[in-house]
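Written out below as C-alpha cells is the structure these notes cover.
Letters go in sequence order (proteins before strands), and every chain restarts at 1.
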Protein chains: 2
Amino acid sequence: METRRRSYDEGCIAAHALDLIGDRWALLVARELMLGGRRFSELRAGLPGIAANVLTQRLEGMEAAGLVLREGRAYALTPAGFGLWPVLKALCLWGAAQPGHDPRLFISPTALMLSMRATCRREAAGMHRAGFVLAGERFTVETGPGAYRVARGGGGEPMLFEGGTNAMAAAVYGPRPLTETAEDSVGFTGDLAEGQAFLDLFSLRRG
Amino acid sequence: METRRRSYDEGCIAAHALDLIGDRWALLVARELMLGGRRFSELRAGLPGIAANVLTQRLEGMEAAGLVLREGRAYALTPAGFGLWPVLKALCLWGAAQPGHDPRLFISPTALMLSMRATCRREAAGMHRAGFVLAGERFTVETGPGAYRVARGGGGEPMLFEGGTNAMAAAVYGPRPLTETAEDSVGFTGDLAEGQAFLDLFSLRRG
DNA sequence: CGGCATCCGGGAAGATACTG
DNA sequence: CAGTATCTTCCCGGATGCCG
C-alpha cells in the first residue's frame with residue numbers, strides 16, 4: 001500500500017521532474033492517457049508488458065503527484081499531466097534517430113497517433129482530414145499549415161485508413177507508396193494522391 | 001558484469017528511447033556530461049546519491065548504446081548522447097512548473113548552467129558575456145538575440161558571478177535584485193545594471 | 001469482468017569495504 | 001583516483017485470488 005518514494009534528492013529541476021515521472025512505465029502510462037481518459041484494462045492493453053500491480057502503483061503515484069485524475073473507473077491526465085507532451089515528443093524525436101529499433105514489436109494505437117503528431121512536418125502540411133481505425137480504435141487527424149490535431153473518435157472524414165497498428169506504422173513511416181489494394185493489410189479509402197501527400201508529412205526516412 | 005537489458009519490447013519510438021536512456025540515473029549522467037567530458041569522480045561529485053557500482057553500470061550501458069565514449073579515464077557524450085539535450089530541456093521546463101521542488105537540495109554546477117540554458121528567454125536577450133565560478137568550477141555564458149552559449153572554462157568576461165551553486169540558483173531564479181554586497185554569498189563583479197538585465201532573462205517567477 | 005491485493009522469485013539499486 | 005566485490009534492500013514482473 002504505502003509506496004515509499006525514492007527521490008534523487010537534488011535541487012535540479014530535471015531531477016525533480018524525474019522524481020515525479022522517472023519511474024519505470026510512468027511516462028508510457030502518460031503516453032496512453034495523452035489522447036484522453038482510459039480505463040484500467042485499456043491501459044493494460046496499450047502496455048502489454050506491465051504487471052497489474054505495477055500499473056496500480058503508477059496510477060496511484062501519478063495521482064498523488066497531481067498528474068492523473070481518477071474519474072470513477074477511468075483515469076485521465078490533469079493539465080500537469082498533459083504538460084508532459086513536450087517530454088514525450090522529445091523522446092520520440094530522439095528515439096527515432098537511435099538504432100536498434102524494431103518496428104515489428106507491438107505498437108499501441110495511441111503510441112502511433114502520438115508519434116505521428118511528434119514527427120509531422122507541419123510547415124509543409126496542407127489541409128487534410130483523415131480518419132484512422134487502428135485495432136478497432138477510432139481517431140481523427142486534422143492538419144493545416146503549421147497545425148496538427150489528433151483526437152479519439154470522429155467519423156465522416158474524406159480519407160480513412162484502417163488496419164493493424166504495425167502495418168499502419170509501416171505505411172506511414174515506410175518508403176513504400178500508398179496503393180488502393182490493401183497489400184500490406186492497410187485499407188485506404190479516399191483520394192489516393194491526397195492520401196500520399198498526407199503520408200509524406202511523416203517520413204522518418206532520410207532525405 | 002553482464003547486465004541484461006530490460007526492454008519494454010514495444011515498437012513505439014518513445015519506448016525505444018526509454019529502453020536506451022530510461023534507466024534510473026541514466027539521464028542525470030547524461031546531464032553531467034552535457035557540457036563536456038568528466039572523470040568518474042567528477043561524475044560522482046555531481047550525482048551525490050549514486051553508488052559507484054551503479055555509475056559503472058550506467059556508463060557501461062550508455063557506452064554500449066553508443067551514447068558515451070570512454071577516452072582513457074574520462075567519459076564524454078557521443079553526438080547521439082548530446083542529442084538528448086532536447087529531452088533534458090523539456091524535463092527542465094516541465095519540472096520547473098511542478099510543485100514540491102526543494103531548491104535547498106544539492107544542485108550540481110552543471111545542472112544549474114543547463115537549467116539556465118533551458119529557461120533563458122532568448123528572444124529578449126541582449127549581448128552579454130558572463131563568467132561563473134560555482135563550487136570552484138568555471139563556466140562562460142554568452143547571450144545574444146535568440147542565441148545562448150555555455151561552456152566550461154573561459155576567463156576575462158566583463159561580468160563574473162562567484163559563489164555556491166545553491167546561492168547562485170537563488171540569485172538567478174529568485175525574486176531578490178542583484179546587489180554588490182555578497183549578502184546571499186554570491187559575489188558579483190561588473191556592471192550592476194547589466195548583471196541585473198542578464199539575470200532577468202532567467203526568471204522562473206511568474207509575470 | 002474490472003480493479004485491484006497478495007505472495008513470490010529474480011534482479012536491479014544502494015551502502016560499505018576493499019584493492020590496484 | 002578509479003573502480004570492484006559483497007551484501008542487503010527493495011523494486012519489478014508474473015501468478016493467483018478476492019470482491020464488488
Side-chain angles (χ1 to χ4, degrees), chain A residues 1-10 15 18-30 32-33 36-65 68-76 105-106 108 136-137, chain B residues 1-10 15 18-33 36-65 68-76 105-106 136-137:
Chain A
M1 168 92 57
E2 183 59 28
T3 303
R4 196 179 328 282
R5 285 227 42 77
R6 186 159 42 172
S7 166
Y8 288 113
D9 284 327
E10 287 193 25
L18 290 172
D19 279 339
L20 297 175
I21 200 64
D23 279 349
R24 186 164 169 78
W25 292 108
L27 264 170
L28 298 185
V29 171
E32 287 299 306
L33 294 171
R38 308 250 80 190
R39 309 177 59 152
F40 194 88
S41 55
E42 294 173 323
L43 291 172
R44 288 200 75 180
L47 302 164
I50 200 170
N53 54 356
V54 174
L55 178 55
T56 299
Q57 283 181 28
R58 286 304 161 272
L59 288 169
E60 285 175 353
M62 292 169 76
E63 189 179 7
V68 160
L69 209 65
R70 181 169 180 174
E71 304 162 337
R73 285 182 169 141
Y75 300 88
L105 298 175
F106 171 82
S108 88
E137 294 190 40
Chain B
M1 167 92 59
E2 183 58 28
T3 303
R4 197 177 327 281
R5 285 227 42 76
R6 185 160 42 172
S7 167
Y8 288 112
D9 283 328
E10 288 194 25
L18 290 172
D19 278 340
L20 297 174
I21 199 67
D23 280 349
R24 188 165 167 77
W25 292 108
L27 263 170
L28 298 185
V29 171
R31 177 195 76 191
E32 287 300 305
L33 293 172
R38 308 248 79 190
R39 310 177 56 154
F40 194 88
S41 57
E42 294 172 323
L43 290 173
R44 289 200 75 180
L47 302 164
I50 199 170
N53 54 356
V54 175
L55 178 55
T56 300
Q57 282 180 30
R58 286 303 160 274
L59 289 169
E60 285 174 353
M62 294 170 75
E63 189 179 6
V68 160
L69 210 66
R70 182 168 179 175
E71 304 163 335
R73 285 181 167 145
Y75 299 88
L105 298 175
F106 171 83
E137 294 190 39

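Within the 4.0 Å cut-off from OP1 or OP2 of C:dA13, at least one side-chain nitrogen or oxygen of B:Gln57 is found. Taking only side-chain nitrogens and oxygens, B:Tyr75 comes nearer than 4.0 Å to OP1 or OP2 of D:dG3. An OP1 or OP2 oxygen of D:dG3 is reached within less than 4.0 angstrom by no side-chain nitrogen or oxygen of B:Thr56. Checking the phosphate oxygens (OP1, OP2) of C:dG14, a side-chain nitrogen or oxygen of B:Trp25 falls inside 4.0 Å. Side-chain N/O atoms of B:Arg39 include one lying less than 4.0 angstrom from OP1 or OP2 on D:dA2.
When rounded to the nearest whole Å, the span between CZ of B:Arg38 and C1' of D:dC1 equals 15 Å. Remark: P of D:dC11 and CD of A:Glu60 are 14 Å apart, rounded to the nearest angstrom. Put simply, CG on B:Asn53 is 9 Å from C1' on D:dT4, counting in whole angstrom units. Rounded to whole Å, atom P of D:dC12 lies 12 Å from atom CG of B:Asp23. Spacing between atom CG of B:Leu55 and atom C1' of C:dA13 amounts to 13 Å, rounded to whole angstrom units. We find that CZ of A:Arg24 is positioned 10 Å from P of C:dA13, with the value rounded to whole Å. In this structure, the CZ atom of B:Arg73 is 15 Å from the P atom of C:dG20, given to the nearest Å. One atom, CG of B:Asp19, and another, P of C:dA12, lie 14 Å apart when rounded to the nearest Å.
Bending across the helix from C:dC1-D:dG20 to C:dG20-D:dC1, expressed as the angle between its end axes from five pairs apiece, amounts to 30° (10° rounding).
Salt bridge B:Arg38/B:Glu137: present, at least one basic N to carboxylate O contact under 4.0 Å.
Atom CZ of A:Arg24 and atom CZ of B:Arg24 lie 14.0 Å apart (nearest 0.5 Å). For the atom pair CG (A:Leu27) and CD (A:Glu32), the distance works out to 12.0 Å, reported to the nearest 0.5 Å.
B:Arg70 comes within 4.0 angstrom of the backbone, heavy atoms only, and of no base.
For the segment residues 42-51 of chain A, no residue has any heavy atom less than 4.0 angstrom from an atom of DNA chain C.
Side-chain atoms of B:Arg6 never come within 3.5 Å of backbone atoms of B:Asp23 as a donor-acceptor pair (strictly under, hydrogens ignored).
By the side-chain contact (heavy atoms from CB on, under 4.5 Å) test, A:Ala15 pairs with A:Tyr8, A:Glu10, A:Cys12, B:Leu28, B:Arg31, sequence neighbours left out.
Annotation: side chain of A:Met62 is in contact with side chain of A:Ile21 (closest heavy-atom distance under 4.5 Å). With a 4.5 Å cut-off on side-chain heavy atoms, A:Arg70 and A:Leu59 do not count as touching.
Relative to the side chain of A:Ala52, the nucleotides C:dC4, D:dC11, D:dA2 differ in distance, and C:dC4 lies closest.
Closest approach of A:Tyr75 to A:Leu33, counting heavy atoms only: O-CD2, 3.2 Å. The minimum heavy-atom distance between A:Pro48 and A:Phe106, with the atom names listed, is CG-CD2, 3.2 Å. Between B:Glu71 and B:Ala76, the shortest heavy-atom contact is OE1-CB, 4.1 Å.
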